[in-house]
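Quick note: residue numbers are just sequence positions, from 1. Counting starts at 1 for both ligands and their atoms, following the listed order.
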Amino acid sequence: MTEKIIYLDNNATTKTCDEAIESMMPFFGEKYGNPSSMHDFGGQVGRYLKKAREQVGGLIGAADPNEVIFTSCGTESSNMALRGLTDPRKKHIITTKVEHPCVLNVAKHLEKNHGYEVAYLGVNAEGELDLGEFKDSIRDDTALISIMWANNETGVVFPVEKLAEIAKDKNPDVLFFVDAVQAAGKIPLDVKNTKIDMLSISGHKIHAPKGVGAIYIRKGTLITPFMLGGHQERGKRGGTENVAGIVALGAAAEQAQNFLPDEETRVRKMRDRLEKGILSRIFNARINGSRLNRTPNTANISFEYIEGELILLHLSDLGICASSGSACTSGNLEPSHVLRAMGVPFTAVHGSIRFSLSRYTTDEEIDYVLEKLPDVINRLNSISPFQRELLELKEVKNPVKNPKCGVDVKRCCER
Ligand code: PLP
């Protein structure tokens, strides 16, 4: 084990930036007032919340900072959007097969326990949606459409502004929610100039601490509060606010906005160099996800016939932090639902590694990975005939669809 840490797992979580840490410290000490108190000691704290609301509103382009509601994380924000539906006559929801579990599992829960019918839209080999299929799926009784802005595993960006337009043209009453947890701070967001009704972000993905997030709810959008309690957050989310976390989120949001040009140029260049370097040095590497529509920081690469977990362990010994599939599913060996939906072959899904960069990533770190990774893969390739056999044994020659997931069983792991 080495002391050196090359952190390329920024889609799992990010380093808290100095500005966020500095901004939050007074709220663990002298500024302990309750922002809802009538006295000025609490009122002062309330003014910091107001500033944070403006900073977060600035990052996502909200017309009014009061459209920003603070939550505990991205997962809570998604729950709020999906569980807050108010019209009992509308029981149809549209989402995609590649959403984060914080959307997919809520959708499944609503389906199983609350009588909703959910359409899960598929993606093509590049991880992209079919706009025609999307339009056709919208019905008069569609209550909500939930589509992520950027995918956490592949970085593939969905054209959510366009999708919201299509949706509202066909059914003006439908609610359009966007999980923007992996888009915020990576690509420009300007929600006021879109037809998006709700949008979620998470602090720990944009260099704020864990335990804080936000949901944008456009003025006039009807949503039943999910967390009932006091009148905090304009009655939309009860509970005394996590002031320190929120102030830090505000500071991090401002920094994220300042660093957007850096993401687009320097970070993208490093990511592209990493991908090109890997493809030119390693014969059994392939990139997963659209080459054109991806966040600048994410590279999802498969090394065919090698177990991703083995690669991760070897990289970890060299101090390189990456991920196989999404962080929420690592720890179990379930293959990525995102790569499966894209039809990535079974032998490549299992060998997929996600490298996700940030503004703290350096060129030297990319050089280090490019120097070390080929040796790791070559070593694993040399023991891989055994692995290959194991994986091929699992391949089924007959192209029958798995009734559970509808995927060609040759490419599917649920066997
Ligand atoms: N949405 C996406 C796309 C994510 O990647 C994640 C976390 O990985 C979440 C939502 C959940 O965010 P949080 O960890 O703040 O609950």
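Residue contacts with ligand 1, taken as heavy atom pairs separated by less than 4.0 Å, involve Met148 solely via side-chain atoms from C-beta onward. Proximity of Asp179 to ligand 1, defined as any heavy-atom pair under 4.0 Å, is confined to the side chain (atoms from C-beta onward). The proximity of Cys102 to ligand 1, defined as any non-hydrogen pair under 4.0 Å, is limited to the side chain.
Remark: ligand 1 and Asn11 share no N or O pair separated by less than 3.5 Å (distance only, no angle test). Taking any N or O of Gly74, backbone or side chain, at least one lies under 3.5 Å from an N or O belonging to ligand 1.
Distances from ligand 1 to the non-hydrogen atoms of Lys205 include at least one value under 4.0 Å. Using a 4.0 angstrom heavy-atom cutoff, Gly213 does not count as in contact with ligand 1. Contact between His204 and ligand 1 is present, with at least one heavy atom of the residue lying under 4.0 Å from the ligand.
Atoms of ligand 1 found under 4.0 Å from any heavy atom of Gln182 (numbered from 1 in listed order, with element): 3 (C), 4 (C), 5 (O). Every atom of ligand 1 with a heavy atom of Ser202 under 4.0 Å away is listed here by number and element: 13 (P), 15 (O).
With sequence neighbours excluded, no residue forms a ring-ring contact (aromatic ring centres under 6.0 Å, His included) with Phe259. Partners of Ser200 according to the side-chain hydrogen bond (donor to acceptor under 3.5 Å, both in side chains) rule, which considers only residues two or more places apart in sequence or in another chain, do not exist here.
For Val156 against Glu128, the heavy-atom pair with the smallest separation is CG1-CG, 4.4 Å.
Glu365 CD to Ile6 CD1: the interatomic distance, rounded to the nearest 0.5 Å, is 4.5 Å.
Looking only at atom types and distance, the side chain of Asn171 has no donor-acceptor partner in the side chain of Arg139 under 3.5 Å away.
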Quiz prompt | salt bridge (Lys or Arg N to Asp or Glu O under 4.0 Å) between Asp169 and Lys135, worked out | solution = CA-CA 10 Å; Asp169 274 354; Lys135 188 174 177 184; over 6 Å; no

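Between Arg273 and Asp363 there is a salt bridge, with a side-chain nitrogen of the basic residue lying less than 4.0 Å from a carboxylate oxygen of the acidic one.
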